[in-house]
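Okay, structure first, notes after.
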Amino acid sequence: MGSVREFLVGDAERMPDWLSRHSRGAPFDRAAFLGSRIIYYPGHGLDGHPVKLFGASRAAHCFVYADYKIEWNDIQASLTLGRPSPHFRGYSLLDDIRLAESDLVPRGWRPTLSGTGTLPVRHDAVAPFGHLAILERAQVFDDSHGPSRLAFLFLGADGIATYDALFCQRDSVQAPYAVLLQDHAFGGNYDRFGAGGLMERIATTAAVFPRWLLVAEGTEPWAGYSAVPGVDPSVGGVHATPRSLFGRRA
């Protein structure tokens with residue numbers, strides 16, 4: 001049996017050109033970012049586990065984190081130089097581009113499912129925000145730790161609505177490369193991220209599916225996905241939950 005990270009090394013990519021060339025203060029390029037391999041994590045709670053797996057293996061360099069209960073100030077503090085972070089260890093904030101909704105969905109968001117225009121796009125704990133954060137690896141770490149740069153789109157937003165708005169519209173660039181699914185019994189979610197939930201229904205209706213799912217114990221994978229044989233679960237998250245890699249069946 002092998003680890004998730006070892007398996008993903010076999011699907012490593014080059015760092016996207018736009019990210020390697022990025023200079024501080026450069027404008028947000030929506031098409032370039034969304035055209036990259038993206039790891040999508042709804043309800044992330046500042047969990048760096050996907051970075052440890054997909055980033056360190058170089059399977060992906062770009063991440064979208066959406067959570068309506070995490071303040072931008074808390075995210076920013078975890079990325080500030082001189083403050084070791086258990087979430088994104090070895091990386092600090094190189095650049096921060098504040099984004100408006102129109103930067104992400106310039107044509108607006110038309111809900112994929114009829115009748116979900118009143119989807120509870122909740123902001124009950126934080127004011128909505130969007131920030132593209134370019135992270136740079138600290139000099140004390142070498143290439144064995146991970147790529148020299150990573151890009152994160154941090155959103156103070158509803159994870160289910162965000163999947164629809166970013167990936168399932170007519171002008172969307174492509175599906176995410178992978179999605180992390182973890183349903184928290186008391187985590188404040190109004191619906192499941194896993195099987196049978198609204199996000200799966202949106203993905204199915206729009207026919208927009210990631211190549212991989214990283215599925216936490218206690219959460220059911222979407223239909224059409226099977227556990228990758230020979231790959232052990234990886235433990236991560238606040239509660240050290242085993243998470244297994246699932247691939248989409250042909």
Side-chain angles (χ1 to χ4, degrees), residues 1-22 32-42 44-65 78-79 84-92 94 132-154 167 173-182 208-217 219 221-222 224-238 240-250:
M1 300 285 281
S3 70
V4 174
R5 178 171 168 174
E6 289 169 342
F7 176 82
L8 291 171
V9 166
D11 199 29
E13 65 163 5
R14 277 184 52 199
M15 181 182 296
D17 289 342
W18 72 265
L19 179 56
S20 63
R21 295 195 305 260
H22 180 85
F33 178 81
L34 292 176
S36 308
R37 282 187 181 181
I38 287 176
I39 311 303
Y40 181 59
Y41 192 171
H44 60 84
L46 275 181
D47 176 13
H49 190 217
V51 183
K52 179 180 177 182
L53 300 180
F54 293 94
S57 66
R58 292 173 172 75
H61 293 76
C62 301
F63 300 78
V64 175
Y65 273 33
S78 73
L79 300 172
S85 169
H87 310 294
F88 310 104
R89 187 175 69 90
Y91 288 90
S92 60
L94 172 69
L132 179 70
I134 306 299
L135 309 188
E136 190 162 64
R137 191 184 67 213
Q139 293 183 356
V140 295
F141 293 95
D142 60 20
D143 285 344
S144 64
H145 183 74
S148 59
R149 286 184 174 180
L150 297 169
F152 277 80
L153 177 57
F154 289 108
F167 305 113
V173 178
Q174 63 182 6
Y177 176 70
V179 174
L180 194 154
L181 300 178
Q182 179 156 1
V208 175
F209 298 102
R211 181 172 179 180
W212 308 108
L213 295 176
L214 187 65
V215 183
E217 185 176 81
T219 301
W222 295 352
Y225 288 83
S226 299
V228 178
V231 177
D232 293 323
S234 179
V235 174
V238 175
T241 306
R243 292 163 170 172
S244 299
L245 190 67
F246 285 74
R248 182 155 177 80
R249 297 192 292 269

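Numbering starts at 1 and runs along the sequence shown.
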Please test Ser36 against Leu19 for side-chain contact (heavy atoms from CB on, under 4.5 Å), starting from the C-alpha separation and ending with a verdict. CA-CA 10 Å; Ser36 308; Leu19 179 56; over 6 Å; no

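- Distance SG/Cys62 to OH/Tyr40: 15.5 Å, rounded to 0.5 Å.
- Judged purely by atom type and a 3.5 angstrom limit, Arg249 uses its side chain to pair as donor or acceptor with the backbone of Tyr225.
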Please determine whether side-chain hydrogen bond (donor to acceptor under 3.5 Å, both in side chains) holds for the pair Arg243 and His49, giving the CA-CA distance in whole Å, both sets of side-chain angles, and the decisive distance to 0.1 Å. CA-CA 10 Å; Arg243 292 163 170 172; His49 190 217; 3.0 Å; yes

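- Here Arg37 contributes atom CZ and Gln174 contributes atom CD; the two are 9.5 Å apart, rounded to the nearest 0.5 Å.
- Distance check: Asp143 CG to Ser148 OG gives 7.5 Å after rounding to the nearest 0.5 Å.
- Between Val64 and Pro176, every side-chain heavy-atom pair lies at or beyond the 4.5 Å cut-off.
- Counting all heavy atoms, side chain and backbone alike, Arg137 lies closest to Pro147 at NH1-C, 3.6 Å.
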Steps toward side-chain contact (heavy atoms from CB on, under 4.5 Å) verdict (Phe33, Val173): CA-CA 9 Å; Phe33 178 81; Val173 178; over 6 Å; no

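- Not one N or O on the side chain of Gln182 forms a donor-acceptor pair closer than 3.5 Å with the backbone of His44.
- Between the side chain of Arg149 and the backbone N or O of His22, at least one donor-acceptor pair lies under 3.5 Å.
- Taking each heavy atom of Val179 and Pro210 in turn, the nearest pair found is CG2-CG, 3.7 Å.
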Between Tyr41 and Leu214, does a side-chain contact (heavy atoms from CB on, under 4.5 Å) hold up when you go through it step by step? CA-CA 10 Å; Tyr41 192 171; Leu214 187 65; over 6 Å; no

Yes or no on side-chain contact (heavy atoms from CB on, under 4.5 Å) for Asp232 and Ser3, after CA distance, side-chain angles and deciding distance? CA-CA 5 Å; Asp232 293 323; Ser3 70; 5.8 Å; no

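- A pairwise comparison of heavy atoms in Pro221 and Phe246 identifies CG-CE2, 3.6 Å as the closest pair.
- Looking at every heavy atom in both residues, Leu245 comes nearest to Phe54 through CD1-CZ, 4.3 Å.
- Between the CZ atom in Phe63 and the OH atom in Tyr177 there is a gap of 11.0 Å [rounded to 0.5 Å].
- Taking both residues in full, the closest heavy atoms of Trp18 and Ala151 are given as CH2-CB, 3.7 Å, listed atom of the first, atom of the second, then distance.
- Within the model, atoms CD1 of Ile39 and NE2 of His61 stand 11.0 Å from one another, a figure rounded to the nearest 0.5 Å.
- Taking CG of Leu180 as the start and CG of Asp47 as the end, the distance is 7.0 Å to the nearest 0.5 Å.
- For Tyr65 and Phe152, the gap between ring centers is short of 6.0 Å.
- Nearest approach of Ala175 to Phe167, heavy atoms of both residues: C-CD2, 4.4 Å.
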